[in-house]
Amino acid sequence: MGGLSSGEKHFIEGGISQDIRTDGRKRLSYRPLFLQTNVIPQANGSARLKLGATDVIATVKAEIGKPHPMQPDKGKVAIYVDCSPTAAPLFEGRGGEELSEELSAALNRCLLGGKSGAGAGIDLSSLVIAEGKVCWDLYIDCLVVSSDGNLLDALGAAIMKYLCSELFNNKVWRPMAALSDTGIPSVHVSVDGSGEEQPQIDISDEDSLQFDTSNVPVIVTLTKVGKHYIVDATSEEESQMSSAVSISINRQGHICGLIKRGGAGLDPSVILDMISVAKHVSEQLFIKLDAEIAVAENEEEEEE
């Protein structure tokens with residue numbers, strides 16, 4: 001995207017100040033959201049999410065692994081983002097690599113909390129099969145297909161949808177289980193008395209253990225343009241931002257992570273107000289995602 005003229009910048013900022021953005025939305029409104037599942041058959045599951053012209057894919061691979069020695073009571077989750085050079089001219093060369101690293105770090109912070117696991121939106125202890133010996137390793141790979149702003153929120157929504165409705169359902173790796181009926185496949189581990197031999201693992205395709213998805217958050221980014229902040233900013237709007245705050249919030253309204261971008265400082269009272277607004281917006285986003293999941297479930301049933 002080329003640089004904007006002074007007239008275009010004034011038009012964008014003026015519209016936001018009057019609560020009418022260039023595409024007709026209000027400051028706290030999202031673009032049309034579209035969700036598609038099973039786009040990568042080779043993965044344990046996948047989801048493609050389109051938010052306006054922003055298009056991302058999230059895939060999840062689950063493998064049996066061994067807990068980290070420093071955290072024997074927790075499983076492991078790794079999140080990686082790749083920005084396709086064809087998604088935007090900015091992604092060519094080092095630009096794409098730097099943004100990929102930034103988005104990967106932001107998703108890890110928003111979804112997994114700090115290094116200690118405090119504030120994690122994904123309960124890593126629920127991924128443990130046998131403490132200190134066997135756990136689930138989740139590898140979440142994301143691809144930015146097309147970029148028109150608000151990448152972090154789009155990626156977070158695709159991941160949230162997938163973790164809630166596909167990964168941990170009670171029909172092993174079969175997609176589109178209901179949110180209220182999610183579970184982890186039951187795994188039986190046999191360990192030699194000495195504890196030195198490799199455990200024998202038997203994964204049941206019938207029994208399951210319930211997985212609590214209530215803490216899996218969505219990410220809401222509030223972008224400050226002029227004196228006001230907006231949600232779901234386009235690339236043009238992001239080019240005019242002074243700062244942005246991304247807040248991950250679960251269904252209970254609990255804050256799981258917070259990240260600030262941009263050089264301009266924010267008064268603590270402003271950040272508290274942004275958190276309050278983000279909580280309200282997250283409720284609307286959960287409703288949108290649940291509706292898209294319901295549509296996908298119906299389509300899946302019709303195909304069967």
**Asked** Do K61 and E63 have side-chain heavy atoms sitting under 4.5 Å apart?
**Response** yes
**Request:** Would you check if the side chain of D141 reaches a backbone N or O of T59 as a donor-acceptor pair within less than 3.5 Å?
**Result:** no
**Prompt:** Mind checking whether F34 and L51 have side chains closer than 4.5 Å, heavy atoms only?
**Reply:** no
**Request:** Could you tell me whether the side chain of V281 reaches within less than 4.5 Å of the side chain of Y30, counting heavy atoms only?
**Result:** yes
**Message:** I need the D232 CG to E238 CD distance, nearest 0.5 Å.
**Reply:** 9.0 Å
**Request:** Would you indicate whether H228, at its atom NE2, is surrounded by more than 12 heavy atoms from other residues, nucleotides or ligands within a distance under 6.0 Å?
**Result:** yes
**Request:** Mind checking side chain to side chain contact (heavy atoms under 4.5 Å, CB included) for S125 and listing every partner two or more places apart, or none if nothing turns up?
**Result:** D123
**Asked** Between L222 and L272, is there a shared hydrophobic cluster once you connect ILVMFWY residues whose side-chain heavy atoms come closer than 4.5 Å?
**Response** no
**Residue pairs, two or more places apart or on separate chains, that pass side chain to side chain donor-acceptor pair (under 3.5 Å) and touch residues 240-249** = T221-S246
**Item:** Ion pair D137/K66, N-O distance below 4.0 Å
**Value:** no
**Where P217 and C110 come nearest, the two heavy atoms and their spacing** = CG-O, 4.1 Å
**Message:** Using 0.5 Å steps for rounding, measure from the OH atom of Y80 to the CG atom of D82.
**Reply:** 13.0 Å
**Item:** Stepwise side chain to side chain contact (heavy atoms under 4.5 Å, CB included) check, I159 with V60
**Value:** CA-CA 8 Å; I159 293 172; V60 182; over 6 Å; no
**Message:** Would you say I40 ends up clustered with V145 if hydrophobic residues are merged whenever their side chains have heavy atoms under 4.5 Å apart, either directly or through other cluster members?
**Reply:** yes
**Message:** Measuring from atom CD1 of I79 to atom CG of L103, what distance do you get when rounded to the nearest 0.5 angstrom?
**Reply:** 11.5 Å
**Message:** Does I249 form a side chain to side chain contact (heavy atoms under 4.5 Å, CB included) with I219? I'd like the steps, not just the answer.
**Reply:** CA-CA 6 Å; I249 307 170; I219 301 173; over 6 Å; no
**Item:** Donor-acceptor contact below 3.5 Å, side chain S146 vs main chain D55
**Value:** no
**Message:** V277 vs Y229, test: side chain to side chain contact (heavy atoms under 4.5 Å, CB included). Steps then yes/no.
**Reply:** CA-CA 10 Å; V277 171; Y229 38 83; 4.1 Å; yes
**Prompt:** Between D273 (side chain) and S269 (backbone), is there a donor-acceptor pair under 3.5 Å?
**Reply:** no
**Request:** Can you measure from OG (S29) to CD1 (I230) and round to the nearest 0.5 angstrom?
**Result:** 11.0 Å
**Prompt:** Any chain of hydrophobic side-chain contacts (each under 4.5 Å) joining L124 to I64?
**Reply:** yes
**Request:** For the residue pair E236 and I12, establish whether any side-chain heavy-atom pair is separated by less than 4.5 Å.
**Result:** yes
**T234 side chain to G149 backbone, donor-acceptor under 3.5 Å** = no
**Prompt:** Can you check whether E101's main-chain N or O pairs, donor with acceptor, with S104's side chain at less than 3.5 Å?
**Reply:** no
**For the student: nearest non-hydrogen atoms of P72 and P69, plus distance** = CD-O, 3.6 Å
**Request:** Kindly give the heavy-atom pair with the smallest separation between V231 and R25, and that separation in Å.
**Result:** O-NH1, 3.8 Å
**Request:** Measure across G14 and S17 and return the closest heavy-atom pair with its distance rounded to 0.1 Å.
**Result:** O-OG, 2.6 Å
**Complete:** OG1 (T22) and CD1 (I16) are apart, to the nearest 0.5 Å, by 7.5 Å
**Request:** Give the C-alpha distance, both sets of side-chain angles, the deciding distance and a yes or no for side chain to side chain contact (heavy atoms under 4.5 Å, CB included) between K76 and L127.
**Result:** CA-CA 7 Å; K76 293 174 289 184; L127 301 178; over 6 Å; no
**Request:** Using atom types as modelled and distance alone, determine if a side-chain donor or acceptor of T223 lies under 3.5 Å from a backbone N or O of A233.
**Result:** no
**Message:** Whether R251 and D290 form a salt bridge (side-chain N of Lys/Arg under 4.0 Å from carboxylate O of Asp/Glu) is what I want to check.
**Reply:** yes
**Request:** Measure the shortest side-chain to side-chain distance between C142 and V56 over non-hydrogen atoms and say whether it is less than 4.5 angstrom.
**Result:** no
**Message:** Using every non-hydrogen atom in the two residues, find where V77 and N108 come nearest and quote the distance to one decimal.
**Reply:** O-OD1, 4.5 Å
**Request:** Could you check if a side-chain atom of V144 sits within less than 4.5 angstrom of a side-chain atom of S147, using non-hydrogen atoms only?
**Result:** yes
**Prompt:** When hydrophobic residues are tied together by side-chain contacts of less than 4.5 Å, even through go-betweens, does Y139 share a cluster with V128?
**Reply:** no
**Asked** Within a strict 4.5 Å, meaning less than it, do heavy atoms of the R21 and K26 side chains meet?
**Response** no
**Request:** Give, for atom SG of C135 and atom CD1 of I129, the distance between the pair rounded to the nearest 0.5 Å.
**Result:** 7.0 Å
**Prompt:** Can R31 and D23 be counted as an ion pair, charged N to O under 4.0 angstrom?
**Reply:** no
May I have the list of side-chain donor-acceptor pairs in residues 253-262 shorter than 3.5 Å, sequence neighbours left out?
unit_1, atom_1, unit_2, atom_2, d
K260, NZ, G262, O, 2.7
K260, NZ, A264, O, 2.9

**Asked** Side chains of V218 and D153: closer than 4.5 Å at any heavy-atom pair?
**Response** no
**Message:** Please give me the minimum heavy-atom distance between L49 and A157, naming the atom from each residue.
**Reply:** CD1-CB, 3.8 Å
